[in-house]
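Encoded as structure tokens, the structure appears first; notes follow it.
Below, each value reflects all heavy atoms present in this structure, side chains not excepted, and no hydrogens, waters or symmetry copies. For ligands, and for the atoms within them, numbers begin at 1 and follow the listed sequence. A quick note: this is a predicted structure, and the numbers were derived from the prediction, not measured. For this chain, numbers begin at 1 and follow the sequence in order.
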Amino acid sequence: MDFTSVDSPEMAAFRKEVREYLDKIVPKDLVDSPDWRDYPESDHQKRRDIAKNLGSKGWLAPTFPKPYGGGGLSIDHAIVIDEELERVNVSMGDVGGIYSPAIMVWGTDEQKNRMLPPILTGQVQTWILLTEPHGGTDLASAKTTAIRDGDEYVINGSKTFVGSDRKPDQFWTLVLSDPKGPRHQNLSWIMIPTDLAGITIQPLNILSTGGVGDHNNSVFFEDVRVPAQNLVGGENKGWQVSSTAMEIEHGGGGDVGPNRILEHFFNFCKTNEIDPDSRDLIADVYLNEDSRRLFGLRNFWKRHAKQPMSYDGSQFRYVRRMGGLRNARLMQQIIGYMALTRDKEWAPEDRWMELFMRNSITAVHPGGTQNIDKVIIARRMGIGRSVKEEAGKLE
Ligand SMILES: Cc1cc2nc3c(=O)[nH]c(=O)nc-3n(C[C@H](O)[C@H](O)[C@H](O)COP(=O)(O)OP(=O)(O)OC[C@H]3O[C@@H](n4cnc5c(N)ncnc54)[C@H](O)[C@@H]3O)c2cc1C
């Protein structure tokens, strides 16, 4: 079966429109490079402007309703936009994101009208703060408290391994709102504007995944007073809200388009003399990548077509992350130790291979590790439990 999409005349015309618009708004010198981490503030602002331009057309959230800042468009439009964004290969910081469906599903009308447009039109950048120093994987053990005081919640505690190298406009986070309540019924999901008093962001110097501005931080809250209207889904109902956000983070959002770094690898194989016996290893790399691409496309379609999901998200994420690790090993076998260097003289394909090696390791951890993918798959199959776990609710 051939899964390569062929545009209908309508989609071909739309693709042309998107391509021409992107060529107009993306500065030619603003491509992502293996030195992503070091890009200047002026570049950051240019990236934010691209997001705002796309947002003004509803193309940051093509299938979301127009009144909330989305495009009101079809899945086919969304696929075309995603593919064309992949083609220009430019990142836009912490825009859009995994928390918008959670607001869509669990927010009140007032919250949807107030919170969604700035996010979906690229006006605000957001970090998602879930991991705590003591808890890691066990998100439900959150100790950062949010105690109601009049019209505000007072936040105290800390989160870690979060964010990027540019301070965002808001945090979305899971907090302990009933310290004496039962597990999973004691948490709340709240948006915290980052300009409030009592917030400290402390950068962490750890191995980077290599994404644009990729840089983790710890965030500390000391008596931070947050308007109560920012709590979404009801007090102590945060676990169900976070399960919607996590459904997307755990792969339920899918992905469209090729892996750019692997395209560098295939280019290296085509343009250099390599051992003919490596051909079967190169085919393995290709097959791992194609499995990732097809699972990603399936989930992207299912999500936007509002099809029910089970373990689809974690299955895609597991295949993507383990396939990435396997590919890193295969690429080392094919290219040799040069794949590991950042030395400009020796590094193949302008150091993209080294970035892939590093990324394949660190990318296993964000949003829960590969072990958690397997735990979720088992629960959704009903293995080890009397009741099958349901996927987080999406709309
Ligand atoms: C690059 C990067 C970006 C990140 N970005 C964010 C972010 O934006 N926001 C955010 O909130 N967090 C973020 N994180 C944190 C990430 O979600 C955590 O690292 C992850 O959830 C694992 O937690 P931990 O590192 O504390 O490991 P631990 O929870 O201590 O786990 C240690 C080991 O035990 C295994 N393990 C733990 N529990 C189980 C279980 N029940 N069953 C089987 N095995 C288990 C794990 O798989 C792992 O191998 C990021 C992490 C990294 C590395």
(message) Could you check whether any side-chain N or O of Arg380 sits under 3.5 Å from a backbone N or O of Ser314, counting only pairs where one atom can act as donor and the other as acceptor?
(response) no
(request) Report the member of Phe161, Trp172, Phe171 with the shortest heavy-atom distance to atom 50 (C) of ligand 1. (result) Phe161
(message) With side chain to side chain donor-acceptor pair (under 3.5 Å) as the rule and sequence neighbours excluded, what pairs involving residues 258-274 come up?
(response) Arg260-Glu263, His264-Glu349, His264-Trp352, Asn267-Glu349
(request) Please confirm whether the backbone N or O of Val219 pairs with a side-chain atom of Asn217, one donor and one acceptor, at under 3.5 Å? (result) no
(request) Just jot down the ligand 1 atoms closer than 4.0 angstrom to any heavy atom of Thr369, in number order. (result) 46 (C), 47 (O), 48 (C)
(request) Report yes or no: does Asp94 contribute a side-chain atom to a donor-acceptor pair with the main-chain N or O of Gly163 at less than 3.5 Å? (result) no
(message) Please check whether Asp138 reaches ligand 1 - meaning an N/O of the residue sits under 3.5 Å from an N/O of the ligand, judged on distance alone.
(response) no
(request) Using salt bridge (Lys or Arg N to Asp or Glu O under 4.0 Å) as the criterion, point out the one residue from Arg19, Arg293, Arg15 that pairs with Glu83. (result) Arg15
(request) Return yes or no for this condition: an N or O of Leu129 is under 3.5 Å from an N or O of ligand 1. (result) no
(request) Give the numbers and elements of all ligand 1 atoms closer than 4.0 Å to a heavy atom of Leu130. (result) 10 (C), 11 (O)
(request) Kindly assign one of parallel, tilted or perpendicular to the pair His77 and Phe14, based on the angle between their ring planes and the thresholds 30° and 60°. (result) perpendicular
(request) Give the numbers and elements of all ligand 1 atoms closer than 4.0 Å to a heavy atom of His365. (result) 16 (C), 17 (O), 18 (C), 20 (C), 53 (C)
(message) My understanding is that we take every heavy atom of each candidate and find the minimum distance to atom 17 (O) of ligand 1. Doing that for Gly367, Gly163, Ser164, which one comes out nearest?
(response) Gly367
